[in-house]
Amino acid sequence: MGEEELIRQCMRGANAARKELYDTYAKQMLSICYRYTGGMDVAYDLLHDGFLKVFSSCSGFTYRGEGSLKAWMSRIFVNTALEYLRKKDVLKQIVPLDMIAETEEDPPEEIEQIPTSVLMQFVQELPTGYRTVFNLYTFEERSHKEIAELLHINERSSSSQLCRAKAMLVKKVNDYIQKEAGR
């Protein structure tokens with residue numbers, strides 16, 4: 001069943017369609033939740049919450065072509081994760097500057113050789129605020145102004161947290177490359 005028919009069936013309350021929607025998109029939406037929270041238990045809780053929101057608000061969805069359902073659902077899951085992080089007040093946690101090594105911002109060329117799973121683990125290890133800003137900027141392609149509005153911080157804070165996140169990631173990448181070269 002295509003996206004348009006699938007959501008139409010969900011709007012009618014068809015449980016078979018809801019199950020198919022869940023089966024089709026759960027893994028991708030779980031990945032979004034995990035990317036923002038860094039914890040699998042919390043990610044599963046948010047996956048459940050997000051699907052409840054999808055099912056309860058699907059009547060407000062307007063089909064705009066192939067991929068629009070996934071995009072709409074992704075926004076719901078990002079917002080669900082952000083809502084959770086705001087409630088837990090973890091977005092304001094800052095790492096002292098002396099904990100972040102001075103490093104160039106551009107990652108080394110060898111980054112291409114690092115498995116994606118390792119790079120994503122590095123992102124998961126970032127402090128929550130940095131990880132959230134990095135995800136919004138990098139994966140959701142949000143501007144600092146949009147990030148500031150979403151997270152209730154100022155634009156400079158968003159820019160600063162992104163800069164610090166990148167510096168931490170570059171350090172992790174360099175350490176990984178040196179460790180692999182020493183083997």
Side-chain angles (χ1 to χ4, degrees), residues 1-91 111-153 158 161-162 165 169 172:
M1 176 178 336
E3 274 188 352
E4 188 173 17
E5 182 58 27
L6 184 59
I7 194 66
R8 198 173 287 141
Q9 293 288 327
C10 286
M11 287 177 190
R12 291 184 188 129
N15 285 334
R18 288 179 175 182
K19 182 181 179 343
E20 184 174 337
L21 183 77
Y22 182 89
D23 291 344
T24 303
Y25 294 102
K27 186 175 180 181
Q28 296 164 14
M29 299 305 123
L30 180 64
S31 177
I32 290 171
C33 295
Y34 180 70
R35 195 172 71 221
Y36 280 92
T37 63
M40 197 52 82
D41 290 340
V42 173
Y44 274 111
D45 288 344
L46 295 179
L47 178 70
H48 174 74
D49 294 347
F51 270 105
L52 289 176
K53 289 177 183 179
V54 165
F55 296 142
S56 67
S57 62
C58 64
S59 61
F61 171 73
T62 303
Y63 184 76
R64 294 190 171 110
E66 197 64 31
S68 62
L69 177 60
K70 180 181 173 188
W72 176 74
M73 289 177 58
S74 295
R75 279 191 311 276
I76 288 173
F77 281 88
V78 166
N79 288 333
T80 300
L82 293 177
E83 182 181 300
Y84 167 81
L85 293 173
R86 277 193 297 269
K87 282 182 183 174
K88 294 293 182 185
D89 205 28
V90 294
L91 296 174
I111 195 168
E112 302 286 331
Q113 300 165 5
I114 300 176
T116 303
S117 61
V118 172
L119 293 173
M120 290 309 293
Q121 183 60 42
F122 292 162
V123 172
Q124 293 308 315
E125 293 169 357
L126 290 172
T128 305
Y130 296 178
R131 181 178 61 240
T132 303
V133 170
F134 181 83
N135 283 329
L136 287 168
Y137 188 86
T138 305
F139 298 110
E140 311 301 330
E141 300 178 352
R142 299 292 186 116
S143 69
H144 287 297
K145 181 177 181 174
E146 292 172 311
I147 293 169
E149 289 170 3
L150 281 169
L151 303 181
H152 308 294
I153 59 176
S158 172
Q161 288 192 31
L162 177 65
L169 290 172
K172 286 178 182 288

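By convention here, the first residue in the shown sequence is residue 1.
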On a heavy-atom basis, which atom in [X] and which in [Y] lie closest, and how many Å separate them?
X   : Y   : value
A17 : L6  : O-CD1, 3.4 Å
S68 : Y63 : OG-CD1, 3.7 Å
S57 : I76 : OG-CD1, 4.1 Å

Could you work out, with salt bridge (charged side-chain N to carboxylate O under 4.0 Å, His left out) as the rule, every residue matching E125, not counting sequence neighbours? K172
Please list, chain by chain and in numerical order, all residues satisfying salt bridge (charged side-chain N to carboxylate O under 4.0 Å, His left out) with E146, sequence neighbours excluded. none
Under the side chain to side chain contact (heavy atoms under 4.5 Å, CB included) test, which residues partner [X], sequence neighbours left out?
X    : answer
C58  : I7, C10, M11, W72
A43  : L30, C33, Y34, T37, M40
L52  : H48
E149 : K145

What pairs of residues pass the salt bridge (Lys or Arg N to Asp or Glu O under 4.0 Å) test when at least one of them lies in [range], not counting sequence neighbours?
range          : result
residues 12-32 : K19-D23
residues 61-84 : K53-E83, E83-K87
residues 33-51 : R35-E140

Not counting sequence neighbours, which residues clear side chain to side chain donor-acceptor pair (under 3.5 Å) with Y25? List them please. E3
Residues that F55 engages under ring pair (Phe, Tyr, Trp, His ring centres under 6.0 Å), provided they are two or more places apart: F51
Test ring pair (Phe, Tyr, Trp, His ring centres under 6.0 Å) applied to Y137 - qualifying residues, sequence neighbours left out: H144
Find the distance between [atom1] ([X]) and [atom2] ([Y]) and round it off to the nearest 0.5 Å.
X    : Y    : atom1 : atom2 : value
R8   : L69  : CZ    : CG    : 12.0 Å
L47  : Q28  : CG    : CD    : 11.5 Å
F122 : F134 : CZ    : CZ    : 12.0 Å
L151 : S158 : CG    : OG    : 7.0 Å

Side-chain heavy-atom pair I147, L162 within 4.5 angstrom cut-off: no
Checking L46 against F77 for the side-chain contact (heavy atoms from CB on, under 4.5 Å) test, could you report, in this order, the C-alpha distance in whole Å, the side-chain angles of both residues, the deciding distance, and whether it holds? CA-CA 8 Å; L46 295 179; F77 281 88; 6.0 Å; no
Are L136 and V78 close enough, and set up right, to give a side-chain contact (heavy atoms from CB on, under 4.5 Å), and what steps lead you there? CA-CA 9 Å; L136 287 168; V78 166; 4.0 Å; yes
Take N79 and L150, measure what side-chain contact (heavy atoms from CB on, under 4.5 Å) needs, and give me the verdict at the end. CA-CA 9 Å; N79 288 333; L150 281 169; 4.2 Å; yes
Just by distance, do the side chain of R131 and the backbone of V123 share a donor-acceptor pair under 3.5 Å? no
